[in-house]
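I have placed the structure first, in the form of C-alpha coordinates, so that the comments after it can refer back to it.
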Amino acid sequence: MAREVLYLKIANTIQEQIFSKTLKIGDKLPSIRAFQKLHNVSMNTIKQAFLELESKSLIESRPKSGFYVSKTSNRKLLIPSMNKLKLSEQKMTSEDLITKVFDSLSDKDITRFSIGVPDPSLLPIAKLNKGLAKVVRNLAESGTSYEPVQGSANLRRNVAKWAIVLEGKLTEDDFVTTSGAMNAIFNCLMAVTKRGDTIAIESPVYFGIIQIAQNMGLNIIELPTHPTTGVDLEALKKVIHKVDVCCFMSNFSNPLGSLMPDANKKELVKLLTYHNIPLIEDDLYGNLFFGTVRPKPCKYYDEAGIVMWCGSVSKTLAPGYRVGWVAPGKFKDKIIRQKMAQTVCMPSLYQEVIADFLEHGRYDHHLRTLRSTLYTNSLNFQRTIEDHFPENTKISQPQGGSFLWLELDKSIDTAVLYDKAIQQKIGFAPGRIFTQHDQYNNCMRLNFGLEWKEKVELDLKRLGQLVKNSL
(Lines give C-alpha, C1' and ligand atoms only; values in the text may rest on other atoms or scores of the structure.)
Protein backbone atom coordinates (compact mmCIF):
# COMPACT_ATOMS: atom_id res chain seq x y z
CA MET A 1 0.00 0.00 0.00
CA ALA A 2 1.31 3.47 -0.89
CA ARG A 3 2.82 5.49 1.98
CA GLU A 4 0.37 8.36 1.38
CA VAL A 5 -2.58 5.98 1.77
CA LEU A 6 -1.00 4.45 4.85
CA TYR A 7 -0.48 7.70 6.73
CA LEU A 8 -4.01 8.86 5.95
CA LYS A 9 -5.39 5.48 7.02
CA ILE A 10 -3.56 5.70 10.34
CA ALA A 11 -4.62 9.32 10.83
CA ASN A 12 -8.25 8.47 10.08
CA THR A 13 -8.17 5.61 12.60
CA ILE A 14 -6.97 7.95 15.36
CA GLN A 15 -9.47 10.59 14.23
CA GLU A 16 -12.35 8.12 14.58
CA GLN A 17 -11.17 7.24 18.09
CA ILE A 18 -11.22 10.93 19.00
CA PHE A 19 -14.66 11.53 17.47
CA SER A 20 -16.08 8.43 19.21
CA LYS A 21 -14.62 9.66 22.53
CA THR A 22 -12.48 6.51 22.81
CA LEU A 23 -9.67 9.06 23.02
CA LYS A 24 -10.80 11.99 25.15
CA ILE A 25 -9.60 15.60 25.34
CA GLY A 26 -6.29 15.68 27.20
CA ASP A 27 -5.48 11.99 26.67
CA LYS A 28 -1.86 11.28 25.81
CA LEU A 29 -1.22 9.36 22.60
CA PRO A 30 1.33 6.55 22.36
CA SER A 31 4.72 7.72 21.07
CA ILE A 32 5.61 7.90 17.40
CA ARG A 33 7.93 4.93 17.87
CA ALA A 34 5.15 2.92 19.53
CA PHE A 35 2.81 3.64 16.62
CA GLN A 36 5.58 2.72 14.18
CA LYS A 37 6.00 -0.70 15.77
CA LEU A 38 2.25 -1.21 16.03
CA HIS A 39 1.61 -0.55 12.32
CA ASN A 40 5.00 -1.82 11.06
CA VAL A 41 5.62 1.29 8.95
CA SER A 42 8.35 3.93 8.73
CA MET A 43 8.78 6.73 11.25
CA ASN A 44 8.06 9.27 8.48
CA THR A 45 4.69 7.64 7.80
CA ILE A 46 3.67 8.05 11.45
CA LYS A 47 5.01 11.61 11.51
CA GLN A 48 2.88 12.43 8.46
CA ALA A 49 -0.17 10.90 10.17
CA PHE A 50 0.46 13.03 13.27
CA LEU A 51 1.00 16.09 11.06
CA GLU A 52 -2.39 15.45 9.44
CA LEU A 53 -4.03 15.26 12.86
CA GLU A 54 -2.21 18.39 14.10
CA SER A 55 -3.34 20.30 11.02
CA LYS A 56 -6.94 19.56 11.99
CA SER A 57 -6.23 20.63 15.60
CA LEU A 58 -7.18 17.12 16.74
CA ILE A 59 -3.88 16.60 18.55
CA GLU A 60 -1.22 18.93 19.90
CA SER A 61 2.47 18.55 20.68
CA ARG A 62 3.78 19.40 24.13
CA PRO A 63 7.55 19.92 24.47
CA LYS A 64 9.40 16.96 26.04
CA SER A 65 6.07 15.29 26.79
CA GLY A 66 4.51 13.96 23.58
CA PHE A 67 1.21 14.29 21.73
CA TYR A 68 -2.18 14.84 23.35
CA VAL A 69 -5.77 15.05 22.17
CA SER A 70 -6.35 18.77 21.65
CA LYS A 71 -8.97 20.90 23.35
CA THR A 72 -10.13 21.91 19.87
CA SER A 73 -10.62 18.30 18.76
CA ASN A 74 -14.40 18.72 18.75
CA ARG A 75 -14.09 20.70 15.52
CA LYS A 76 -17.28 20.49 13.47
CA LEU A 77 -16.29 21.67 9.97
CA LEU A 78 -14.40 19.73 7.28
CA ILE A 79 -11.24 20.93 5.53
CA PRO A 80 -11.62 22.32 1.98
CA SER A 81 -11.61 20.10 -1.10
CA MET A 82 -8.46 19.52 -3.14
CA ASN A 83 -8.64 20.73 -6.73
CA LYS A 84 -7.75 18.70 -9.85
CA LEU A 85 -4.99 19.21 -12.40
CA LYS A 86 -6.10 21.53 -15.22
CA LEU A 87 -3.98 21.83 -18.37
CA SER A 88 -6.25 22.74 -21.27
CA GLU A 89 -8.92 24.81 -19.54
CA GLN A 90 -9.35 28.35 -20.82
CA LYS A 91 -7.51 30.98 -18.79
CA MET A 92 -9.28 33.93 -17.20
CA THR A 93 -8.19 37.19 -15.63
CA SER A 94 -9.10 38.56 -12.21
CA GLU A 95 -7.25 41.88 -12.49
CA ASP A 96 -10.39 43.96 -11.94
CA LEU A 97 -11.33 41.99 -8.84
CA ILE A 98 -7.79 42.25 -7.43
CA THR A 99 -7.83 46.02 -8.05
CA LYS A 100 -11.19 46.29 -6.32
CA VAL A 101 -9.83 44.50 -3.23
CA PHE A 102 -6.74 46.70 -3.05
CA ASP A 103 -8.70 49.90 -3.62
CA SER A 104 -10.76 49.12 -0.53
CA LEU A 105 -7.66 49.29 1.66
CA SER A 106 -7.74 53.09 1.60
CA ASP A 107 -10.94 53.02 3.67
CA LYS A 108 -9.77 52.73 7.28
CA ASP A 109 -13.28 51.89 8.48
CA ILE A 110 -13.26 48.54 6.64
CA THR A 111 -12.35 45.49 8.72
CA ARG A 112 -9.46 44.10 6.71
CA PHE A 113 -9.90 40.36 6.58
CA SER A 114 -8.62 40.81 3.03
CA ILE A 115 -5.08 42.16 3.35
CA GLY A 116 -2.20 39.76 4.01
CA VAL A 117 -0.15 41.75 6.52
CA PRO A 118 -0.30 41.90 10.32
CA ASP A 119 -2.33 44.62 11.97
CA PRO A 120 -0.06 47.52 13.09
CA SER A 121 -1.05 46.76 16.70
CA LEU A 122 0.84 43.45 16.40
CA LEU A 123 4.08 45.08 15.25
CA PRO A 124 6.88 46.55 17.45
CA ILE A 125 6.68 49.96 15.81
CA ALA A 126 8.12 51.92 18.75
CA LYS A 127 11.16 49.63 18.93
CA LEU A 128 11.69 49.91 15.18
CA ASN A 129 11.57 53.70 15.43
CA LYS A 130 14.24 53.60 18.16
CA GLY A 131 16.34 51.38 15.94
CA LEU A 132 15.89 53.77 13.05
CA ALA A 133 17.12 56.72 15.13
CA LYS A 134 20.11 54.68 16.31
CA VAL A 135 21.06 53.67 12.77
CA VAL A 136 20.80 57.23 11.47
CA ARG A 137 23.21 58.36 14.20
CA ASN A 138 25.74 55.59 13.65
CA LEU A 139 25.57 54.74 9.94
CA ALA A 140 28.21 56.35 7.75
CA GLU A 141 26.79 59.41 5.98
CA SER A 142 23.43 58.59 7.63
CA GLY A 143 22.72 55.96 4.98
CA THR A 144 22.90 58.30 1.98
CA SER A 145 25.78 56.54 0.22
CA TYR A 146 25.70 53.52 -2.11
CA GLU A 147 26.23 50.08 -0.64
CA PRO A 148 27.50 46.86 -2.33
CA VAL A 149 25.18 45.51 -5.03
CA GLN A 150 24.82 42.23 -3.14
CA GLY A 151 23.32 44.16 -0.25
CA SER A 152 24.13 45.17 3.31
CA ALA A 153 26.84 42.85 4.63
CA ASN A 154 25.49 43.42 8.14
CA LEU A 155 21.99 42.32 7.15
CA ARG A 156 23.22 39.33 5.18
CA ARG A 157 25.41 38.21 8.06
CA ASN A 158 22.56 38.46 10.56
CA VAL A 159 20.10 36.67 8.27
CA ALA A 160 22.63 33.85 7.88
CA LYS A 161 23.21 33.69 11.66
CA TRP A 162 19.52 33.86 12.43
CA ALA A 163 18.51 31.16 9.91
CA ILE A 164 19.52 28.37 12.28
CA VAL A 165 16.87 26.14 10.69
CA LEU A 166 19.45 25.57 7.92
CA GLU A 167 22.00 24.42 10.49
CA GLY A 168 24.83 26.60 9.23
CA LYS A 169 24.56 25.61 5.59
CA LEU A 170 24.49 29.24 4.41
CA THR A 171 26.83 32.18 5.05
CA GLU A 172 26.40 35.90 4.42
CA ASP A 173 28.01 35.45 1.00
CA ASP A 174 25.12 33.17 -0.07
CA PHE A 175 22.50 35.94 0.24
CA VAL A 176 21.46 38.85 -1.96
CA THR A 177 19.14 41.52 -0.52
CA THR A 178 15.97 42.51 -2.39
CA SER A 179 13.01 44.84 -2.12
CA GLY A 180 10.80 42.31 -0.36
CA ALA A 181 10.05 38.68 -1.24
CA MET A 182 8.09 39.42 -4.42
CA ASN A 183 11.08 41.31 -5.84
CA ALA A 184 13.22 38.30 -4.93
CA ILE A 185 10.85 35.96 -6.77
CA PHE A 186 10.80 38.26 -9.80
CA ASN A 187 14.60 38.31 -9.91
CA CYS A 188 14.71 34.53 -9.63
CA LEU A 189 12.30 34.13 -12.55
CA MET A 190 14.32 36.62 -14.59
CA ALA A 191 17.44 34.56 -13.93
CA VAL A 192 16.09 31.14 -14.94
CA THR A 193 13.30 31.66 -17.50
CA LYS A 194 12.54 33.22 -20.85
CA ARG A 195 9.23 34.11 -22.48
CA GLY A 196 7.32 30.97 -23.41
CA ASP A 197 8.77 28.82 -20.60
CA THR A 198 6.47 26.97 -18.22
CA ILE A 199 6.20 27.49 -14.49
CA ALA A 200 4.53 25.05 -12.09
CA ILE A 201 2.80 26.65 -9.09
CA GLU A 202 0.43 25.69 -6.29
CA SER A 203 -3.31 26.09 -6.65
CA PRO A 204 -4.81 28.11 -5.13
CA VAL A 205 -1.80 30.43 -5.08
CA TYR A 206 -1.02 34.01 -4.09
CA PHE A 207 -2.26 36.10 -7.01
CA GLY A 208 0.99 38.08 -7.22
CA ILE A 209 2.78 34.96 -8.50
CA ILE A 210 0.25 34.61 -11.32
CA GLN A 211 0.58 38.29 -12.20
CA ILE A 212 4.37 38.12 -12.41
CA ALA A 213 4.33 34.95 -14.49
CA GLN A 214 1.73 36.32 -16.91
CA ASN A 215 3.60 39.62 -17.32
CA MET A 216 6.78 37.68 -18.11
CA GLY A 217 5.00 35.65 -20.80
CA LEU A 218 5.29 32.34 -18.95
CA ASN A 219 2.90 29.43 -19.32
CA ILE A 220 1.40 28.44 -15.97
CA ILE A 221 0.54 24.98 -14.69
CA GLU A 222 -1.49 25.02 -11.48
CA LEU A 223 -0.86 21.87 -9.47
CA PRO A 224 -3.43 20.30 -7.16
CA THR A 225 -2.58 21.31 -3.60
CA HIS A 226 -3.77 19.59 -0.44
CA PRO A 227 -4.90 22.06 2.23
CA THR A 228 -2.80 20.20 4.80
CA THR A 229 0.28 18.78 3.05
CA GLY A 230 0.74 21.09 0.09
CA VAL A 231 1.60 20.38 -3.53
CA ASP A 232 0.61 16.99 -4.94
CA LEU A 233 3.97 15.57 -6.02
CA GLU A 234 2.31 12.82 -8.08
CA ALA A 235 0.61 15.52 -10.17
CA LEU A 236 3.96 17.27 -10.62
CA LYS A 237 5.54 14.03 -11.85
CA LYS A 238 2.86 13.73 -14.53
CA VAL A 239 3.79 17.11 -16.06
CA ILE A 240 7.47 17.31 -15.13
CA HIS A 241 8.50 17.03 -18.81
CA LYS A 242 6.69 20.31 -19.52
CA VAL A 243 8.10 22.29 -16.56
CA ASP A 244 11.03 24.72 -16.72
CA VAL A 245 10.79 26.13 -13.19
CA CYS A 246 8.74 25.59 -10.03
CA CYS A 247 7.64 28.20 -7.50
CA PHE A 248 6.22 26.82 -4.26
CA MET A 249 5.52 28.00 -0.73
CA SER A 250 6.32 24.84 1.23
CA ASN A 251 5.73 26.35 4.70
CA PHE A 252 2.23 27.72 5.45
CA SER A 253 1.24 28.56 1.91
CA ASN A 254 -0.84 31.57 0.93
CA PRO A 255 -3.84 31.16 0.88
CA LEU A 256 -4.26 27.54 2.09
CA GLY A 257 -1.80 27.56 4.98
CA SER A 258 -0.58 24.08 3.99
CA LEU A 259 2.69 22.68 5.34
CA MET A 260 4.66 20.26 3.17
CA PRO A 261 6.02 17.36 5.26
CA ASP A 262 9.80 17.02 5.42
CA ALA A 263 9.70 13.77 3.49
CA ASN A 264 7.84 15.51 0.66
CA LYS A 265 10.31 18.40 0.64
CA LYS A 266 13.21 15.99 0.36
CA GLU A 267 11.49 14.05 -2.42
CA LEU A 268 10.66 17.29 -4.27
CA VAL A 269 14.24 18.55 -4.20
CA LYS A 270 15.52 15.15 -5.32
CA LEU A 271 13.03 15.08 -8.21
CA LEU A 272 13.85 18.60 -9.41
CA THR A 273 17.60 18.05 -9.02
CA TYR A 274 17.37 14.96 -11.21
CA HIS A 275 15.56 16.94 -13.92
CA ASN A 276 17.71 20.06 -13.35
CA ILE A 277 14.64 22.23 -12.74
CA PRO A 278 15.10 25.29 -10.48
CA LEU A 279 12.83 25.68 -7.47
CA ILE A 280 11.94 29.17 -6.29
CA GLU A 281 10.94 28.70 -2.66
CA ASP A 282 8.86 31.47 -1.10
CA ASP A 283 9.41 30.99 2.65
CA LEU A 284 7.69 34.18 3.68
CA TYR A 285 5.62 32.61 6.48
CA GLY A 286 8.04 29.94 7.71
CA ASN A 287 8.74 31.82 10.95
CA LEU A 288 5.05 31.97 11.87
CA PHE A 289 4.76 28.36 13.03
CA PHE A 290 2.30 27.32 15.75
CA GLY A 291 4.19 24.19 16.78
CA THR A 292 7.37 23.85 18.80
CA VAL A 293 9.89 23.87 15.93
CA ARG A 294 10.33 26.04 12.86
CA PRO A 295 9.81 23.81 9.79
CA LYS A 296 12.77 23.36 7.49
CA PRO A 297 12.60 24.87 4.00
CA CYS A 298 13.29 22.85 0.86
CA LYS A 299 16.60 24.72 0.73
CA TYR A 300 17.81 22.55 3.62
CA TYR A 301 17.82 19.51 1.30
CA ASP A 302 19.43 21.31 -1.64
CA GLU A 303 22.90 19.98 -2.52
CA ALA A 304 23.06 21.09 -6.17
CA GLY A 305 22.18 24.77 -5.68
CA ILE A 306 18.88 24.57 -7.60
CA VAL A 307 16.73 25.97 -4.77
CA MET A 308 16.39 29.75 -4.64
CA TRP A 309 15.24 30.48 -1.09
CA CYS A 310 13.31 33.77 -0.75
CA GLY A 311 12.31 35.57 2.44
CA SER A 312 11.55 38.94 3.97
CA VAL A 313 10.20 40.68 7.07
CA SER A 314 7.14 42.02 5.25
CA LYS A 315 4.67 39.65 6.94
CA THR A 316 6.29 39.55 10.36
CA LEU A 317 7.90 42.86 11.24
CA ALA A 318 7.85 45.82 8.84
CA PRO A 319 5.76 45.54 5.64
CA GLY A 320 6.63 49.05 4.44
CA TYR A 321 10.39 48.64 4.85
CA ARG A 322 10.46 46.32 1.81
CA VAL A 323 13.47 44.41 3.13
CA GLY A 324 13.88 40.95 1.65
CA TRP A 325 16.54 38.53 0.50
CA VAL A 326 17.24 35.46 -1.56
CA ALA A 327 19.77 32.67 -1.25
CA PRO A 328 19.88 31.86 -4.98
CA GLY A 329 22.31 28.95 -4.99
CA LYS A 330 24.13 28.51 -8.28
CA PHE A 331 22.24 31.45 -9.80
CA LYS A 332 23.73 34.04 -7.42
CA ASP A 333 26.03 35.78 -9.90
CA LYS A 334 23.20 36.21 -12.38
CA ILE A 335 20.92 37.65 -9.68
CA ILE A 336 23.61 40.17 -8.68
CA ARG A 337 24.13 41.26 -12.30
CA GLN A 338 20.39 41.74 -12.73
CA LYS A 339 20.18 43.78 -9.55
CA MET A 340 23.03 45.99 -10.73
CA ALA A 341 21.20 46.67 -13.99
CA GLN A 342 17.84 47.30 -12.31
CA THR A 343 18.48 49.18 -9.07
CA VAL A 344 22.28 49.21 -8.46
CA CYS A 345 21.61 48.73 -4.75
CA MET A 346 18.90 48.80 -2.10
CA PRO A 347 18.38 51.68 0.35
CA SER A 348 20.77 50.92 3.21
CA LEU A 349 18.88 52.58 6.07
CA TYR A 350 16.06 50.07 6.52
CA GLN A 351 18.38 47.13 5.93
CA GLU A 352 20.54 48.26 8.85
CA VAL A 353 17.50 48.72 11.10
CA ILE A 354 16.40 45.14 10.40
CA ALA A 355 19.97 43.86 10.88
CA ASP A 356 20.09 45.56 14.27
CA PHE A 357 16.71 44.07 15.20
CA LEU A 358 17.96 40.60 14.27
CA GLU A 359 21.33 40.93 15.98
CA HIS A 360 20.19 41.74 19.49
CA GLY A 361 17.41 39.18 19.89
CA ARG A 362 14.49 41.54 19.52
CA TYR A 363 13.21 39.70 16.44
CA ASP A 364 13.10 36.36 18.29
CA HIS A 365 11.19 37.95 21.16
CA HIS A 366 8.76 39.65 18.79
CA LEU A 367 8.14 36.45 16.84
CA ARG A 368 7.32 34.47 19.98
CA THR A 369 4.68 37.03 20.89
CA LEU A 370 3.35 37.28 17.33
CA ARG A 371 3.11 33.50 16.89
CA SER A 372 1.19 33.15 20.14
CA THR A 373 -1.22 35.90 19.11
CA LEU A 374 -1.76 34.45 15.64
CA TYR A 375 -2.39 30.96 17.00
CA THR A 376 -4.95 32.28 19.48
CA ASN A 377 -6.54 34.33 16.70
CA SER A 378 -6.77 31.31 14.43
CA LEU A 379 -8.68 29.40 17.11
CA ASN A 380 -10.98 32.37 17.77
CA PHE A 381 -11.70 32.73 14.06
CA GLN A 382 -12.36 29.03 13.61
CA ARG A 383 -14.69 28.90 16.61
CA THR A 384 -16.64 31.93 15.39
CA ILE A 385 -16.88 30.57 11.84
CA GLU A 386 -18.14 27.20 13.14
CA ASP A 387 -20.82 28.95 15.18
CA HIS A 388 -21.97 31.61 12.70
CA PHE A 389 -21.34 30.33 9.15
CA PRO A 390 -23.44 27.67 7.40
CA GLU A 391 -22.86 24.09 8.55
CA ASN A 392 -21.55 22.98 5.15
CA THR A 393 -18.70 25.53 5.27
CA LYS A 394 -15.28 23.94 4.89
CA ILE A 395 -12.31 25.60 6.57
CA SER A 396 -8.57 25.07 6.41
CA GLN A 397 -6.57 24.09 9.48
CA PRO A 398 -3.24 25.95 9.20
CA GLN A 399 -0.31 25.09 11.44
CA GLY A 400 1.16 28.55 10.94
CA GLY A 401 0.90 31.73 8.90
CA SER A 402 -2.05 34.10 9.12
CA PHE A 403 -4.71 32.85 6.69
CA LEU A 404 -7.85 30.74 6.69
CA TRP A 405 -9.25 29.37 3.44
CA LEU A 406 -13.02 28.86 3.39
CA GLU A 407 -14.98 26.79 0.90
CA LEU A 408 -18.66 27.75 0.92
CA ASP A 409 -21.76 26.27 -0.66
CA LYS A 410 -21.37 25.92 -4.45
CA SER A 411 -24.31 28.27 -5.01
CA ILE A 412 -22.38 31.20 -3.53
CA ASP A 413 -20.24 33.51 -5.68
CA THR A 414 -17.80 35.24 -3.34
CA ALA A 415 -17.09 37.95 -5.93
CA VAL A 416 -20.74 38.98 -5.64
CA LEU A 417 -20.67 38.47 -1.88
CA TYR A 418 -17.63 40.75 -1.70
CA ASP A 419 -19.62 43.74 -2.99
CA LYS A 420 -22.29 43.15 -0.35
CA ALA A 421 -19.70 42.80 2.40
CA ILE A 422 -17.86 45.98 1.42
CA GLN A 423 -21.11 47.91 1.70
CA GLN A 424 -21.12 46.82 5.35
CA LYS A 425 -17.42 47.76 5.75
CA ILE A 426 -16.18 44.15 5.76
CA GLY A 427 -13.38 43.08 3.45
CA PHE A 428 -12.11 39.65 2.42
CA ALA A 429 -10.23 38.13 -0.53
CA PRO A 430 -12.52 36.30 -3.01
CA GLY A 431 -11.23 32.87 -4.06
CA ARG A 432 -11.30 33.66 -7.77
CA ILE A 433 -8.21 35.89 -7.53
CA PHE A 434 -6.02 32.94 -6.47
CA THR A 435 -6.18 31.11 -9.81
CA GLN A 436 -6.03 31.62 -13.57
CA HIS A 437 -8.91 29.19 -14.13
CA ASP A 438 -12.65 29.35 -13.53
CA GLN A 439 -12.58 27.85 -10.03
CA TYR A 440 -12.71 28.75 -6.32
CA ASN A 441 -15.69 30.99 -7.06
CA ASN A 442 -17.29 29.81 -3.81
CA CYS A 443 -14.13 30.28 -1.72
CA MET A 444 -12.59 33.12 0.27
CA ARG A 445 -9.37 33.88 2.14
CA LEU A 446 -9.51 35.49 5.57
CA ASN A 447 -6.55 37.11 7.30
CA PHE A 448 -6.56 36.47 11.04
CA GLY A 449 -3.51 38.66 11.63
CA LEU A 450 -5.71 41.30 13.30
CA GLU A 451 -6.17 42.44 16.85
CA TRP A 452 -8.95 40.22 18.19
CA LYS A 453 -11.47 42.62 19.64
CA GLU A 454 -15.22 43.05 19.81
CA LYS A 455 -15.57 44.77 16.41
CA VAL A 456 -13.52 42.13 14.61
CA GLU A 457 -15.57 39.33 16.18
CA LEU A 458 -18.83 41.12 15.37
CA ASP A 459 -17.83 41.71 11.74
CA LEU A 460 -16.85 38.05 11.35
CA LYS A 461 -20.29 37.07 12.65
CA ARG A 462 -21.90 39.57 10.26
CA LEU A 463 -19.94 38.06 7.37
CA GLY A 464 -21.27 34.64 8.34
CA GLN A 465 -24.81 36.04 8.27
CA LEU A 466 -24.18 37.49 4.80
CA VAL A 467 -23.13 34.03 3.64
CA LYS A 468 -26.28 32.49 5.12
CA ASN A 469 -28.45 35.16 3.46
CA SER A 470 -26.87 34.30 0.09
CA LEU A 471 -28.00 30.67 0.20
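If you read the sequence from its start, that first residue is 1, and numbering goes on from there.
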Do side-chain atoms of [X] reach the backbone of [Y] as a donor and acceptor pair under 3.5 angstrom?
X      : Y      : value
Glu407 : Lys394 : no
Thr414 : Cys443 : yes
Asp356 : Glu352 : no
Asn447 : Ser114 : no
Lys332 : Asp173 : yes
Lys339 : Thr178 : no
Ser372 : Arg368 : no

field: CA sep, side-chain torsions, deciding dist, call: Lys194, Asp197, salt bridge (charged side-chain N to carboxylate O under 4.0 Å, His left out)
entry: CA-CA 6 Å; Lys194 61 183 182 301; Asp197 281 351; 3.2 Å; yes

Assess, by modelled atom type and distance only, whether the side chains of [X] and [Y] contain a donor and an acceptor separated by less than 3.5 Å.
X      : Y      : answer
Ser152 : Gln351 : no
Asp119 : Ser121 : yes
Ser104 : Tyr418 : yes

- prompt: Within 45 degrees of the axis of the six-membered ring of Phe289 and under 6.0 Å from its centre: does Arg294 put its NZ or CZ there?
  reply: no

field: Glu222 and Ser203: CA distance, side-chain angles, deciding distance, side-chain hydrogen bond (donor to acceptor under 3.5 Å, both in side chains) verdict
entry: CA-CA 5 Å; Glu222 295 186 29; Ser203 184; 2.6 Å; yes

Can you name the nearest heavy-atom pair linking [X] to [Y], along with the distance?
X      : Y      : answer
Pro227 : Leu256 : CA-CD1, 4.0 Å
Ile115 : Arg112 : CG2-CB, 3.7 Å
Gln436 : Ile220 : NE2-O, 3.0 Å
Trp405 : Gly431 : CH2-CA, 3.7 Å
Leu374 : Gly401 : CD1-O, 3.8 Å
Leu122 : His366 : O-CE1, 3.2 Å

Residues in side-chain contact (heavy atoms from CB on, under 4.5 Å) with [X], at least two apart?
X      : value
Ala160 : Phe175
Glu172 : Ala153, Arg156, Arg157
Val41  : Leu6, Ile10, His39, Thr45, Ile46
Ser314 : Ser312, Arg322

Can you tell me how far the [atom1] atom of [X] sits from the [atom2] atom of [Y], to the nearest 0.5 Å?
X      : Y      : atom1 : atom2 : value
Tyr375 : Phe290 : OH    : CZ    : 8.5 Å
Leu349 : Leu139 : CG    : CG    : 6.5 Å
Ile433 : Phe102 : CD1   : CZ    : 7.5 Å
Lys100 : Ser94  : NZ    : OG    : 11.0 Å
Leu358 : Asn154 : CG    : CG    : 9.0 Å
Thr228 : Ile79  : OG1   : CD1   : 4.0 Å

Are [X] and [Y] side-chain neighbours, meaning at least one heavy-atom pair lies under 4.5 Å?
X      : Y      : result
Val323 : Leu155 : yes
Gln36  : Arg33  : yes
Ile277 : Leu271 : no
Leu223 : Leu85  : yes
Pro224 : Asn83  : yes
Ile306 : Lys330 : yes
Leu53  : Phe67  : no
Pro398 : Leu404 : yes

ring-ring contact (aromatic ring centres under 6.0 Å, His included) with [X]: which residues, sequence neighbours excluded?
X      : value
Phe252 : none
Tyr301 : none
Phe186 : none
Phe331 : none

Atom [atom1] of [X] with >12 non-hydrogen neighbours under 6.0 angstrom:
X      : atom1 : result
Met340 : CE    : no
Asp103 : CG    : yes
Lys161 : NZ    : yes

- request: With Tyr363 as reference, evaluate Ile354, Asn287, Asn158 under the side chain to side chain contact (heavy atoms under 4.5 Å, CB included) test and give the passing residue.
  value: Asn287

field: Pairs involving residues 250-261, ordered by first then second residue, that meet side-chain hydrogen bond (donor to acceptor under 3.5 Å, both in side chains) (sequence neighbours left out)
entry: Ser250-Glu281, Asn251-Lys265, Asn251-Asp283, Ser253-Ser258, Asn254-Arg445

statement: Residues at least two apart in sequence or cross-chain that pass salt bridge (charged side-chain N to carboxylate O under 4.0 Å, His left out) with Lys266, listed by chain then number, are none

message: According to salt bridge (charged side-chain N to carboxylate O under 4.0 Å, His left out), who are the partners of Lys237, at least two apart in sequence or on a separate chain?
response: Glu234, Glu267

query: Under the criterion ring pair (Phe, Tyr, Trp, His ring centres under 6.0 Å), which of Phe381, Phe403, Phe428 is the partner of Phe113?
result: Phe381

Taking only distance into account, with no hydrogens and no angle test, what donor-acceptor pairs under 3.5 Å do side-chain atoms of residues 210-219 form with protein atoms, sequence neighbours excluded?
| residue | atom | partner | partner atom | Å |
| --- | --- | --- | --- | --- |
| Gln211 | NE2 | Glu95 | OE1 | 3.1 |
| Asn215 | ND2 | Gln211 | O | 3.2 |
| Asn219 | ND2 | Gly196 | O | 3.0 |

message: Centre-to-centre under 6.0 Å for Phe434 and Tyr440, is that the case here?
response: no

- prompt: Less than 4.0 Å between a side-chain N and a carboxylate O, is that true for Asp302 and Lys169?
  reply: no

